[in-house]
Amino acid sequence: MNWQSQVSLASKTWWKIGGEAEFYFEPSSFDEFKTSYLEALKKSLAVTVLGGGTNVLVSDDGIQGLVISTAKLNQLKVFEEEGQLFLEAEAGVPKSDLVKEFLKRKLDPALFLCGLPGDVGGGVVMNAGVSENIVPREFGEIVRSVEVLKPDGELKTYSHDDLNWVYRKSLGWEPGLVYKALLSWPLEENLEVMNSVRQATRRRLERQPLTQPSCGSTFKNPKGSDSAGALIEKAGLKGYQVGQAQVSPKHANFIVNLGGAKAQDVHQIIQHIQKTVFDQFGIELEREVRYLGHWDL
Ligand SMILES: Cc1cc2nc3c(=O)[nH]c(=O)nc-3n(C[C@H](O)[C@H](O)[C@H](O)COP(=O)(O)OP(=O)(O)OC[C@H]3O[C@@H](n4cnc5c(N)ncnc54)[C@H](O)[C@@H]3O)c2cc1C
C-alpha cells in the first residue's frame, strides 16, 4: 500500500491548521479504500477519515495512525427514473458538483447546498444544512441510502430510515467509513431557484468572513434561545484573539485564522467562549466542529 508518512495536514483543512498524519493515503478506487482500511485495522492503527476538511480542527500534535482522504473518491453517477433525479455519489464528490446537477434541473436542493463547502461524505456524517426555514434544508432530507464500509470488510447499505438524522449529525452507521450515498429529489422545477441561490450567496458573502480560513460555524445553535453567533456577540467577544486566531468581527460564530494560528489558539478561544457565554447567560454552547487527533480535554 502506497501510504505516505508524516504528511502535514494543515494545507488539507479549510482552517489551514494542524500537525502531521503519521500515515496518509488518498485511495482512488473502492478496492484501495477497502484494502487501506482493513490493512490499518490489521496493524491496530487508528483510522481517521478526512473529507473536504471544512469542519475539523486537527491537533497541533497531528493524528496518529492512518488518515484516509476521500479526495480522489469522486465518481458521480446521475440518472433520472420515475420522476426523480438520482445522484449516486462517492464520499469525495464536492457538494458543489451536486449543486450543478440540481441547478441544471431547477430543483430545490440547490438552495441549501449552495453555501455548504466540503464533500458528500462529510455532508452525510454532519447532516450538513442551513437554519433557514426551507425545504429541503439538511442532507438527511435528500439521502435515499448510504453505503458504509464496515470493519469486517462488508459494504453495508443503510436506507434513509435506518439512520437517525439529527441536528448536525447522522447516527446509526458507525462503526465504519462512509463510501457512497444515493441522493434523490422529485423532478419538480422551481423557476425561482436560480434567483434564490444568487440571493443566498450574496447574503453569505455579506455576513460571513468567507475570504478567511475558518470552519464555518464553530458552535451549534442552542435550542430555544438566540443563535450561537448572537450569544457570542452579546457576550462582547467579537474580535477576541489568541495568537493568530480570532473571533471574526464579521460573524461571531466564526473563528478565523489570521495567518499561522495554532490549533491550541483556536481551542483556547473555544473554551473562553463556552465559559463566558455560560457565565453570562447560563447556556452551554456545544461544538459543531470536530476535533481530530490527540487532545487533552
Ligand atoms: C465557510 C464555511 C461555511 C460552512 N457553512 C456550513 C453550513 O451552512 N451548514 C453546515 O452544516 N456546515 C457548514 N460548514 C461546515 C462543513 O462545511 C460541513 O459540516 C461539511 O458537511 C463537512 O464536510 P467535509 O467533507 O469538509 O468533512 P470534514 O470536515 O472533512 O469531516 C467532518 C467529519 O466527518 C468525518 N468524515 C468525513 N468524511 C467521512 C467519511 N467518508 N466516512 C466517515 N467519516 C467521515 C470526519 O472524520 C470528521 O469527523 C461550513 C464550513 C465552512 C468552512
Side-chain angles (χ1 to χ4, degrees), residues 1-77 87-98 116-126 128 139 145-158 169-170 173-182 213 215 257 262-263 289-295:
M1 213 26 64
N2 199 11
W3 299 355
Q4 294 170 265
S5 31
Q6 304 307 329
V7 172
S8 168
L9 294 172
S11 64
K12 302 183 190 305
T13 72
W14 270 49
W15 240 330
K16 306 289 171 234
I17 292 175
E20 295 178 341
E22 185 183 10
F23 300 107
Y24 178 84
F25 185 54
E26 291 184 358
S28 46
S29 67
F30 174 70
D31 278 352
E32 288 186 357
F33 186 55
K34 178 174 168 178
T35 313
S36 55
Y37 182 39
L38 298 185
E39 188 70 24
L41 294 182
K42 209 163 99 190
K43 293 182 199 288
S44 300
L45 292 173
V47 176
T48 304
V49 185
L50 194 61
T54 63
N55 205 40
V56 292
L57 182 62
V58 174
S59 161
D60 295 320
D61 296 333
I63 302 180
Q64 287 300 302
L66 175 66
V67 173
I68 299 180
S69 160
T70 55
K72 290 183 183 151
L73 292 173
N74 47 23
Q75 295 294 315
L76 175 64
K77 195 171 146 196
L87 303 177
E88 192 184 309
E90 284 187 327
V93 169
K95 295 190 190 75
S96 52
D97 286 6
L98 309 179
L116 302 184
D119 301 339
V120 165
V124 168
V125 171
M126 299 300 305
F139 237 78
S145 60
V146 180
E147 290 178 40
V148 177
L149 176 61
K150 306 300 286 183
D152 63 4
E154 182 198 0
L155 187 61
K156 185 165 178 181
T157 303
Y158 292 90
K169 67 180 166 203
S170 60
W173 55 270
E174 287 178 293
L177 314 181
V178 173
Y179 167 58
K180 215 183 224 183
L182 180 64
C215 73
N257 178 0
K262 298 284 172 207
V289 60
R290 302 268 180 115
Y291 280 21
L292 299 185
H294 177 74
W295 289 89

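For the pair F30/Q75, no side-chain contact is recorded, criterion being any heavy-atom separation below 4.5 Å from C-beta on. Put simply, the side chain of Y179 does not reach to within 4.5 Å of the side chain of K34, judged on heavy atoms. Between E90 and F33, the closest side-chain pair of non-hydrogen atoms is not below 4.5 Å. In this structure, the side chains of Y291 and S59 stay at 4.5 Å or more apart for every pair of heavy atoms. Contact annotation: the side chain of L76 never approaches that of V120 to less than 4.5 Å [non-hydrogen atoms, C-beta and beyond]. Between V58 and K12 there is no side-chain heavy-atom pair separated by less than 4.5 Å. Looking at heavy atoms from C-beta onward, F139 lies in side-chain contact with L98 at the 4.5 angstrom threshold. Side-chain contact between S5 and F23 is present, with heavy atoms from C-beta onward closer than 4.5 Å.
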- Where do W173 and V125 land on the side chain to side chain contact (heavy atoms under 4.5 Å, CB included) test, with the steps shown first? CA-CA 9 Å; W173 55 270; V125 171; 3.6 Å; yes
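A distance of 11.5 Å separates CD in E26 from OG in S36, rounded to the nearest 0.5 Å. Here CH2 of W15 is found 9.5 Å from CG of N257. Values are rounded to the nearest 0.5 Å. We find the OH-CG distance between Y24 and N2 to be 12.5 Å, quoted to the nearest 0.5 Å. T13 OG1 to N55 CG: the interatomic distance, rounded to the nearest 0.5 Å, is 11.0 Å. With rounding to the nearest 0.5 angstrom, the CD atom of E20 is 11.0 Å from the CG atom of D61. A distance of 7.5 Å separates OG1 in T70 from CG in L50, rounded to the nearest 0.5 Å.
E22 approaches G65 most closely through the heavy-atom pair OE1-N, 2.7 Å. Here the closest heavy-atom approach between residue P27 and residue L73 is recorded as O-CG, 3.7 Å. In this structure, W14 and G52 approach most closely via the heavy-atom pair CD1-O, 3.6 Å. Nearest heavy atom pair, residue A263 against residue I17, reads N-CG2, 3.3 Å. Of all non-hydrogen atoms in A181 and V124, the two that sit nearest each other are CB-CG2, 4.0 Å. Shown here for Y37 and G176, the closest heavy-atom pair between the two residues is OH-CA, 3.6 Å.
Within a 6.0 Å radius of NZ in K77, other residues, nucleotides and ligands contribute 12 heavy atoms or fewer. No more than 12 heavy atoms of other residues, nucleotides or ligands sit less than 6.0 Å from atom NZ of K169. In D152, the CG atom is crowded: over 12 heavy atoms of neighbouring residues, nucleotides or ligands sit closer than 6.0 Å.
For E39 (side chain) and T35 (main-chain N/O), no donor-acceptor pair under 3.5 Å exists by modelled atom type. With hydrogens and angles disregarded, a donor-acceptor distance shorter than 3.5 Å links the side chain of K150 to the backbone of P175.
With E147 as reference, L155 is the one residue of L182, V178, L155 to meet the side chain to side chain contact (heavy atoms under 4.5 Å, CB included) rule.
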